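Here's the structure, in structure tokens; my notes come after.
Keep in mind that this is a model prediction, so the values were computed, not measured. Nothing fancy with the numbering, it's 1 onward along the sequence.
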Amino acid sequence: MQRAVILVIVVNAITIGCETSAYLMERAGDLLHTIDRVALAIFVLELGARLYAYRAAFFKDPWNWFDAIIVAVALIPASGPTSVLRALRILRALRLVSAVPSMRRVVGALLTAVPGMASIIGLLVLMIYIAAVIATKLFGDIVPERFDELPRSLFTLFQIMTGDDWGNVAQEVMEHKPWAWIFFIVYILMSTFVALNLFIAVVVNAMNEDGEAVRQSRAEPSPELESVKRELAAVNAKLDQLLMRERPEELRSPADR
């Protein structure tokens with residue numbers, strides 16, 4: 001059932017992408033719409049079956065809420081004022097996250113890493129703000145289209161942090177102040193390389209901890225299994241006592257005899 005739902009999600013995501021092509025819509029528009037409606041009906045039936053099976057426990061799982069919201073958005077009429085919501089049908093592809101266990105683990109690890117990532121984001125924002133104030137004071141007069149005010153400087157430095165056209169920005173400033181390369185190199189090293197590596201380190205550490213927890217849960221016997229083992233041991237002990245009472249001579253050792 002899980003594999004069938006995954007297949008439907010993939011097919012539906014492909015058909016929604018095909019609907020963006022005017023060429024395909026002219027030749028197979030009715031077929032694409034039919035596949036879309038069939039996929040939505042399957043999602044509704046699958047969600048209803050899970051709700052019937054789990055009853056109140058259905059709402060205790062956040063992934064069930066995730067699936068229910070996506071399906072509910074898809075059921076909103078895509079006409080009139082809500083026609084813009086038709087584009088949100090592609091959100092059904094996100095159901096792969098809840099349908100594939102490995103994807104669920106990755107998302108869970110990312111959510112676990114959010115506190116650490118928030119600290120890094122705060123540090124990065126502080127670094128960009130300090131650099132923007134310095135850049136506005138140093139370069140605002142010579143390159144006003146990029147550093148004349150603090151908001152423009154913040155945007156320019158964010159652009160440089162992403163690596164977008166930072167060389168041309170640096171060249172514009174260096175035509176007037178040749179030593180400006182020091183500022184740009186230090187800023188790129190601190191904002192891009194250091195911050196990016198910190199992000200990667202936090203996420204990888206969270207994923208490693210999540211994987212270790214999964215391995216330990218698989219290695220450690222479950223409480224239910226331990227309870228069954230104890231019950232079996234008690235039953236075996238009682239059977240031995242009954243056998244000893246019924247046939248004591250046969251079960252006794254030669255030395256005891």
Side-chain angles (χ1 to χ4, degrees), residues 13 17 20 62-63 65-66 69-70 73 82 84-98 100 102-214:
T20 61
W63 290 110
W65 281 98
F66 179 79
I69 292 172
I70 289 178
V73 170
T82 59
V84 68
L85 296 177
R86 185 173 178 81
L88 298 180
R89 293 179 305 150
I90 192 59
L91 292 178
R92 298 179 208 167
L94 289 176
R95 290 208 56 201
L96 280 175
V97 176
S98 62
V100 180
S102 58
M103 288 188 180
R104 284 204 304 266
R105 287 195 293 270
V106 171
V107 173
L110 288 175
L111 293 176
T112 304
V114 165
M117 293 173 64
S119 301
I120 298 173
I121 291 174
L123 176 62
L124 184 60
V125 169
L126 180 62
M127 291 170 52
I128 295 176
Y129 177 77
I130 294 173
V133 173
I134 295 174
T136 304
K137 296 292 186 181
L138 295 178
F139 313 132
D141 296 333
I142 58 177
V143 190
E145 65 275 10
R146 295 187 183 274
F147 298 104
D148 62 339
E149 296 179 354
L150 183 60
R152 196 183 298 273
S153 297
L154 287 170
F155 181 80
T156 302
L157 292 178
F158 181 80
Q159 174 186 346
I160 293 173
M161 183 186 68
T162 62
D164 179 26
D165 200 32
W166 75 270
N168 291 331
V169 176
Q171 287 294 338
E172 292 178 14
V173 178
M174 289 171 62
E175 289 178 0
H176 303 275
K177 295 185 177 182
W179 55 265
W181 62 270
I182 300 175
F183 171 83
F184 289 104
I185 289 180
V186 172
Y187 171 74
I188 291 174
L189 287 175
M190 295 299 295
S191 64
T192 303
F193 293 99
V194 175
L196 180 61
N197 286 328
L198 285 175
F199 271 112
I200 295 174
V202 169
V203 173
V204 170
N205 183 58
M207 294 185 67
N208 286 337
E209 291 179 353
D210 183 72
E212 185 65 24
V214 171

Open item on the list: Just verifying a value: how many Å separate Trp65 CH2 and Ile70 CD1, rounded to the nearest 0.5 Å?
Closed with: 14.0 Å
- [ ] Just say parallel, tilted or perpendicular for the rings of Phe139 and Phe183, cut-offs at 30° and 60°.
- [x] perpendicular
Task: Reported CD1-to-CD1 distance for the pair Ile130 and Ile134, which is rounded to 0.5 angstrom - done: 7.0 Å
Task: Ser153 to Ala132 - nearest heavy-atom pair and separation - done: CB-O, 3.8 Å
Open item on the list: Going by ring pair (Phe, Tyr, Trp, His ring centres under 6.0 Å), name the residues that satisfy it together with Phe66, two or more places apart in sequence or in a different chain.
Closed with: Trp63
Task: Lys177, NZ atom: more than 12 neighbouring heavy atoms under 6.0 Å - done: yes
- [ ] For Pro144 and Arg152, work out which heavy atoms get closest and say how close.
- [x] O-CD, 3.7 Å
Task: Distance, nearest 0.5 Å, that separates CG of Asp164 from CZ of Phe158 - done: 10.0 Å
- [ ] Go through Val173 and Phe147 one step at a time and tell me if the side chain to side chain contact (heavy atoms under 4.5 Å, CB included) criterion holds.
- [x] CA-CA 10 Å; Val173 178; Phe147 298 104; 3.9 Å; yes
Task: CE on Met127 to CG on Leu157, rounded to 0.5 Å - done: 11.0 Å
Task: Partner of Val133 under side-chain contact (heavy atoms from CB on, under 4.5 Å), chosen from Ile128, Leu138, Leu150, Leu154 - done: Leu150
- [ ] Could you tell me whether Asp141 atom CG has more than 12 heavy atoms of other residues or ligands within 6.0 Å of it?
- [x] no
- [ ] Working to the nearest 0.5 Å, report the span between CG of Leu123 and CG of Leu198.
- [x] 7.5 Å
Task: Asn197 side chain to Phe193 backbone, donor-acceptor under 3.5 Å - done: yes
Open item on the list: Looking at every non-hydrogen atom in both residues, tell me the closest pair between Arg146 and Thr156 and how far apart they are.
Closed with: O-OG1, 2.9 Å
Task: Interatomic spacing from CE in Met174 to CD1 in Ile142 - rounded to 0.5 Å - done: 11.0 Å
Task: Donor-acceptor under 3.5 Å (Tyr187 side chain, Ala131 main chain) - done: no
